[in-house]
Amino acid sequence: MDVIMGVITNFATKTAEFTVEAIGRQFGYILYYKGNLTRMTTDVQRVEGIKDILQHNVDEVRRNGEEIENIVQNWLNTVDNTVAEANELIDSEGHAKAQCSMRHFPNLCTRHQLSRKMIKMMQKISELVAEGSFDKISYRAASQITVMPFGRGYEALESRTSMLNEIILALKDPSIFIVGVYGMGGVGKTTLMEELSWKAKNDGSFSTIVMATITSSPNLETIRCQIAEALDFKFNKKTEEGMARELRDRITKEKRILVILDDIWGRLDLTELGVPFGNDHKGCKLVVTSRDLNVLICEMRTQKEFRLEVLLEEDSWKLFEKMAGDVVHEFNIKPIAIKVAKCCAGLPLLIVTTAKALRKKQVSNWKDALNELQRFDQEGLHKKVYSTLELSFNCLESEELKLLFLLIGSFGLDYRYTGPILVCYWGLGLFRHSHKLADARIRFNRLINDLKASSLLLESEFDRVRIHDYVRDMAKSIACRTRPTYGVKRYTKVNQWPGMDELRKCHQIILPWSYIYKLPEKLKCPELKLKVISLYGMMFAPSPPTSLCLLTKLQTLVLTGCVLEDISIVAELKSLEILRLERSDIKELPKEIGQLNNLRMLNLTNCSALRFIPANLISSLTCLEELYMGNCFIQWDVKGSNDQSKNASLEELRSLSHLTALDIMTQDASVWPRDLLVFEKLERYNIFVGDMWKWSLDWSGNASEPARILKLNDSRGSSILLDRGFNSLLNSAEDMCLAKIHCVRNVLYELNRGGFPQLKHLRLQDSTELQYIINSTGWVHPYPALLNLETLALQNLFNLEKICHGPIPIQSFVKLKSFEVKGCDKLKNLLRYSLVRDLPQLREIKIADCQMITEIISEVDKEIDKIIFPELCSLELESLPRLVSLCAPLTHCIHVPLIDQKVVMLHLELLKLSKINCEKLWDDKLRSHSRMQNLKSLTIDKCGSMRYAFSSSVARELVNLKSLKISNCQMLEDIFVSNSNDEVGINFIVSKSATIN
């Protein structure tokens with residue numbers, strides 16, 4: 001012991017420089033070595049016991065299908081590692097050296113090291129024990145959506161895959177939280193949602209996905225239970241409010257969750273349901289499906305909508321082939337299978353039902369199915385489809401909407417112009433509250449839009465309606481229950497009429513574009529109350545049958561594309577309100593037509609042979625609301641002339657106080673009546689004055705939105721522009737073309753002081769006097785100019801000096817999308833910088849054959865850092881020999897690029913240059929904000945001064961370039977020049993360009 005104390009004394013002497021506290025701690029490691037070893041062993045046993053208890057609980061909840069919280073699993077793993085380290089320390093060979101024995105003294109350094117390690121291990125174990133108390137060790141993972149094989153098969157269909165990608169892209173937008181998908185019944189909305197859930201889960205877009213079916217009779221408790229079951233969640237509350245609150249709290253715990261609500265028919269209160277959205281939970285996104293767009297927009301307030309259409313033919317066959325199996329490839333079945341697939345008309349519900357029914361069937365079964373699909377009935381395979389579609393019909397909100405839908409279906413056509421439907425609907429008296437054609441037209445447009453929104457009509461051009469084959473047949477079948485109809489398909493040869501027993505029940509007879517060889521001698525149809533007759537391509541020479549005058553209640557008569565001579569018998573139809581003779585071969589109107597005192601619409605469009613209308617006939621039709629005479633070359637009489645032709649005069653329009661729609665042509669502006677105030681009441685018109693215009697409308701009087709088109713060629717200097725009545729047309733026109741106008745130096749404000757507030761499209765051409773489009777000099781508070789203008793075309797304005805002269809009125813050109821200038825030789829620039837700032841929607845610029853243009857943008861100060869065209873997609877410059885740059889510098893420079901660093905066109909896709917004398921196209925070192933990364937097509941032709949197309953650094957920015965065409969550039973030495981890393985640039989441009997000429 002004396003020896004030990006001596007050693008300790010020596011050790012203490014060596015460590016005298018440490019503090020008393022530090023020395024005491026170091027002595028403690030040595031003196032309490034055995035105690036530390038015992039305590040650490042006890043601590044290890046204790047933490048192992050705690051870990052075993054927790055592990056038993058973990059094993060139990062795992063057997064119940066629950067997931068272990070990460071923090072619990074991490075603690076268990078840390079305990080295992082710590083215990084292993086502690087046991088390794090306990091079993092260390094160093095303990096033999098550290099302990100006292102009769103044979104040797106302990107190694108104090110080893111004793112000190114081991115004791116210190118044991119102290120640290122006990123601290124670590126103590127911290128683990130403190131952390132090992134958990135309120136919750138497990139959770140139930142959300143159930144995964146089970147995707148049926150049919151849904152997985154959908155992934156291969158190109159049209160569906162592209163829509164899925166668009167939907168997922170919309171869901172990733174942080175500003176969008178609710179998306180809508182709509183389409184007709186049976187088009188595959190539910191299957192698409194199943195595919196969406198699978199795709200969104202697998203690409204990591206959402207961690208949790210739930211889907212609930214709503215149906216036409218929604219029950220909130222049932223919907224909540226569907227969502228809760230998908231989340232493996234059970235309600236504790238029994239009240240509606242309590243369950244909604246619990247569901248809301250549960251969904252809020254999910255960081256990224258997608259909720260799909262399928263088949264919504266009306267308003268569903270998400271707050272009442274218990275689904276948080278928007279600011280309440282930005283991680284929750286919703287997709288709702290419906291047959292009705294109005295439900296999505298008005299009731300569910302979706303932020304983006306996607307319409308699901310029927311499948312294209314290629315996708316239809318892929319789906320049919322997958323569902324029917326290998327049998328479709330058998331040589332004697334495949335031709336039939338292709339026809340059967342086409343009969344399914346792209347409707348997934350019918351494709352799947354039919355294909356599965358015929359799987360592994362014999363040829364006879366396939367032939368029978370084909371015959372059944374081709375018949376007009378509701379039997380067999382497509383009964384399910386009819387019931388699905390009829391449910392949509394039954395849910396239409398008004399009887400008026402249902403009647404219009406049934407009328408459209410009754411025509412038996414896939415598509416039809418809106419005009420014939422409108423006049424039939426009017427003639428049948430189906431408009432409940434409309435007493436004027438203009439009001440009826442507005443109502444009709446709304447009803448058509450509602451039918452499109454309900455997916456019973458397909459999207460189509462503005463002047464026609466389209467309907468799916470099976471929807472059309474369903475409509476005909478419903479109509480026949482209440483209003484039995486005799487009808488055939490288009491272009492049918494009607495050799496034999498049905499028996500009188502069948503005709504006696506008919507309310508309607510519809511034979512669209514049919515070949516009728518013989519009319520029946522008698523038609524005993526007591527239910528057929530003839531109010532509308534529509535005949536196409538008939539020969540009525542020398543006159544229509546005399547029996548026509550017996551139809552005293554007839555309100556609509558359509559004789560389209562007929563050969564007509566004497567139609568004076570039509571005057572006997574005193575109840576007639578609509579008379580359409582468009583595209584008919586008729587040379588003159590009989591004066592008796594003036595006796596139709598109730599006539600509201602007279603349509604003579606494209607009666608190109610018509611030359612004579614008796615004087616006072618038009619003025620006699622005092623109830624006329626709509627007059628269509630487009631492409632009719634009438635020899636109009638001029639008031640006060642000595643002409644004895646007794647032809648009608650345009651002066652007669654004064655008598656038509658109810659006129660709201662007018663289509664008319666006259667080749668001579670001098671015959672135009674002065675101070676015709678009836679023009680002020682026109683809501684829609686197509687008025688062409690002059691001999692250079694071609695009538696572009698195939699049909700007039702369609703039920704499209706009102707259009708006001710005015711075209712004037714005043715080559716004879718008639719001073720028509722000064723007329724008060726014509727000026728009212730200038731003020732209200734939406735689309736206007738003015739050619740060869742005289743005595744006008746600026747459009748604003750000589751022609752119109754109000755700034756043309758309605759004008760959307762303006763073309764000015766062939767003028768030698770026009771100097772400015774806008775001249776605001778001298779105006780203290782000028783009106784905004786061309787506030788709604790979308791397209792502006794200027795051609796052959798030989799004295800045009802500026803677009804704007806004087807201060808630019810605020811909000812001028814703010815909606816301009818397309819700007820085209822050609823043959824304006826005195827024009828030196830196109831736009832002032834102050835105007836460029838206010839062109840947020842400009843997408844297209846075309847400039848050609850302007851000899852004096854030196855720059856596109858003028859008055860750019862040195863301080864201006866950027867000139868931004870935010871939406872410009874296309875820029876075409878041709879035959880501009882003096883053009884220096886888009887914005888020329890204040891000091892002349894020989895090597896100025898056409899597009900310098902100031903000009904920013906991030907959305908430019910097409911750039912076309914021809915006969916431009918610039919040496920280089922771009923600044924060799926474009927700044928990042930000037931990049932042309934969206935450019936797809938670049939054409940350079942006859943640019944004789946250009947030495948190279950671009951530098952390699954610019955080339956690397958053209959990541960989307962598909963077409964590069966360079967031709968007839970005599971001075972061109974290289975496509976690129978190197979400024980740095982030229983190999984990278986050259987390799988890029990060759991690999992990315994689709995064509996180089």
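From a predicted model like this one, the values you see are computed outputs, not experimental measurements.
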Hey, does the Lys NZ or Arg CZ of R307 hover above the aromatic six-ring of Y182, less than 6.0 Å from the centre and inside 45° of the axis? no
Please check if any side-chain donor atom of D292 sits under 3.5 Å from a side-chain acceptor atom of S290, or the reverse. no
Under a 4.0 Å N-O cut-off, is there an ion pair linking R224 with E240? yes
Would you call R267 and D269 a salt bridge, using N to O less than 4.0 angstrom? yes
Find out whether T271 and F277 are in side-chain contact, i.e. whether some heavy atom of one side chain is under 4.5 Å from a heavy atom of the other. yes
Please tell me if the side chains of E313 and K342 come closer than 4.5 Å, counting only heavy atoms from C-beta onward. yes
Is any side-chain heavy atom of L296 less than 4.5 Å from a side-chain heavy atom of V181? no
State, without any angle test, whether N788 and K760 hold a side-chain donor-acceptor pair at a distance under 3.5 Å. no
Just so I know, are the side chains of K51 and D80 near enough to count as touching, which here means a heavy-atom distance under 4.5 Å? yes
Please report, to 0.1 Å, the donor-acceptor pairs under 3.5 Å made by any side chain of residues 393-405, with sequence neighbours excluded.
residue: N394; atom: ND2; partner: E390; partner atom: O; Å: 3.3
residue: S398; atom: OG; partner: L401; partner atom: N; Å: 3.1
residue: E400; atom: OE1; partner: R443; partner atom: NE; Å: 3.1
residue: E400; atom: OE1; partner: R443; partner atom: NH2; Å: 2.7

Side chains of T289 and D262: donor-acceptor distance under 3.5 Å anywhere? yes
Is the shortest heavy-atom distance from the side chain of V328 to the side chain of W317 under 4.5 Å? yes
Which heavy atom of G346 sits nearest to which heavy atom of S316, and what is that distance? CA-OG, 3.3 Å
If we only count heavy atoms from C-beta on, is the L128 to W75 side-chain gap below 4.5 Å? yes
With a 4.5 Å limit on heavy-atom distance, are the side chains of H281 and I251 in contact? yes
For atom CD of E314, is the number of surrounding heavy atoms from other residues, nucleotides or ligands below 6.0 Å larger than 12? no
Close side-chain approach of L54 to F134, heavy-atom, < 4.5 Å: yes
If you round to the nearest 0.5 Å, how far is CD1 of I223 from CD of Q226? 7.0 Å
When rounded to the nearest 0.5 Å, the distance separating CD1 of I227 from CE of M211 is 11.5 Å
Could you check T191 against E194 for side-chain hydrogen bond (donor to acceptor under 3.5 Å, both in side chains), going step by step and ending with a plain yes or no? CA-CA 5 Å; T191 305; E194 291 172 351; 4.6 Å; no
Tightest non-hydrogen contact, residues V58 and I137, listed as N-CD1, 4.0 Å
Any donor-acceptor N or O pair under 3.5 Å, side chains E254, T208: yes
